[in-house]
Amino acid sequence: MKKTARAHTNIALIKYWGKANQALKTPLMSSLSMTLDAFYTDTTFEHDSSLTEDTFILNGQKQTPEESKRVFNYIHLLQEKFGFNDHFTIKSTNHVPTSAGLASSASAFAALATSFAASYGLDLSRRELSKLARLGSGSATRSIYGGFVEWQKGIDDASSYAVPIDENPDLDLSLLALEVDTKQKKISSTKGMKLAQTSPFYQPWLARNKQEIAELKQAIKEKDFTKIGKLSELSANEMHACNLTANEPFTYFEPETIKAIKLVENLRQQGIECYYTIDAGPNVKILCTLRNRKEIISAVQKSLTNVKIVVASFGPGVTLL
Ligand code: 2P0
């Protein structure tokens, strides 16, 4: 049986940055994201008793055993869970504008979990799919749904899943993904979130999580762009502050990252409202409304030469093609 699923990636406005259980990828905090229309992954999963090996083809290229390891381990885990053991072929295409600085693991594992379940004829709810996606990558938990999505941390495998907050938000909100990438080898998310936990600010940050989620949900309900922007920027800065103050301090920021932050601050001082968020890399994402979008794009192009900008808005949840 062969099935194809499409999942869009997402950007966390309230960040996930720490695991309670490494294997289950249950988080230490709840997170809240926006699914993005501009970035998605199409994945076909085929299993057949006549196949003699497992194969992973990414963007048309057969992956080496080393490159396939994470994906194969994930599928073997799911097969064990449901009692299957035949060989499979995975064909995956990332529709992510080159180096837009958005991780593809969220869309990748959401599409993979969904195509896997469909090809074995498992009739799973989206909640169950979000739990399966979580076993591949934390952020994938949220990509099962569209619009605004909360990943409720829960206390174990059964209770840690995503719930839709508003799948079709009637809200003027755009995200500008700025690629300010460099050749620097980055610290993996898994390693970064472990290190961050040694910061003296990590526990106080965790203690604020419930309140921050509640405030952002309220801001979404009220369609309050200012509140949404401020809370998102705060969460990103809290995460990066923990990295900078870890026992072995580190940062994902590069000089261009700081330039982009300063630009956003300057734009705000000029009355052009916008906010930034930054993940586990040097790229900056700007949140803005349609009214200011053009002006912000030209300001970015003027002060950050060589930067590539991709415009995104709300994307849908996972679908079978
Ligand atoms: C997030 N990030 O909430 C946070 C904010 C990056 C910064 O989730 O180890 O690839 O697979 O669970 O999901 C990126 O890490 O990490 C991430 P794993 P993931 O989106």
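Numbering of ligands and ligand atoms starts at 1, following listing order.
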Open item on the list: Under a 4.0 angstrom heavy-atom cut-off, which atoms of ligand 1 come close to S105?
Closed with: 10 (O)
Open item on the list: Can you tell me if K259 has over 12 outside heavy atoms packed within less than 6.0 Å of its NZ?
Closed with: no
Task: Heavy atoms of other groups near D172 CG, more than 12 under 6.0 Å - done: yes
- [ ] Would you mind finding which of K25, K15, R142 brings a heavy atom closest to atom 1 (C) of ligand 1?
- [x] R142
Task: Region of M29 that comes within reach of ligand 1 [heavy atoms, distance under 4.0 Å] - done: neither
Task: Which of the ligand 1 atoms, numbered from 1, are nearer than 4.0 Å to a heavy atom of A12 - done: 1 (C), 3 (O), 20 (O)
Open item on the list: Considering both backbone and side-chain atoms of D279, is one of its nitrogen or oxygen atoms within less than 3.5 Å of a nitrogen or oxygen in ligand 1?
Closed with: no
Open item on the list: Using a 4.0 Å cutoff against the non-hydrogen atoms of G138, which atoms of ligand 1 qualify?
Closed with: 11 (O), 12 (O), 13 (O), 18 (P)
Task: More than 12 heavy atoms of other groups within 6.0 Å of E222 CD - done: yes
Task: Proximal atoms of ligand 1 relative to K19 (non-hydrogen, under 4.0 Å) - done: 9 (O), 12 (O), 18 (P)
Open item on the list: Quick check against the 3.5 Å criterion: does E295 have a side-chain atom that pairs as donor or acceptor with the backbone of N292?
Closed with: no
Open item on the list: Does E248, at its CD atom, have more than 12 non-hydrogen atoms belonging to other residues, nucleotides or ligands within less than 6.0 Å?
Closed with: no
Task: Shared hydrophobic cluster for W151 and L132 (ILVMFWY, side-chain gaps under 4.5 Å) - done: no
- [ ] Report the part of S189 (side chain from C-beta onward, or backbone N, CA, C, O) that has a heavy atom under 4.0 Å from ligand 1; answer both or neither where that applies.
- [x] side chain
Task: S31, portion touching ligand 1 at heavy-atom distance under 4.0 Å - done: neither
Open item on the list: For E238, run the side chain to side chain donor-acceptor pair (under 3.5 Å) check against Y202, W205, W17 and tell me which one passes.
Closed with: W205
- [ ] Return yes when atom CZ of R70 has more than 12 non-hydrogen atoms of other residues, nucleotides or ligands closer than 6.0 Å, and no otherwise.
- [x] yes
Open item on the list: If you count every heavy atom of other residues, nucleotides or ligands that lies below 6.0 Å from K19 atom NZ, does the total exceed 12?
Closed with: yes
TODO: Would you check whether R70 reaches within less than 4.0 Å of ligand 1, judged by its heavy atoms?
DONE: yes
Task: Per-atom contacts, ligand 1 versus M239 - under 4.0 Å to a heavy atom - done: 7 (C)
Open item on the list: Out of all atoms in ligand 1, which are within 4.0 Å of some heavy atom of S139? Include the element for each.
Closed with: 8 (O), 10 (O), 13 (O), 19 (P), 20 (O)
Task: Proximal ligand 1 atoms for T190, defined as those under 4.0 Å from one of its heavy atoms - done: 9 (O)
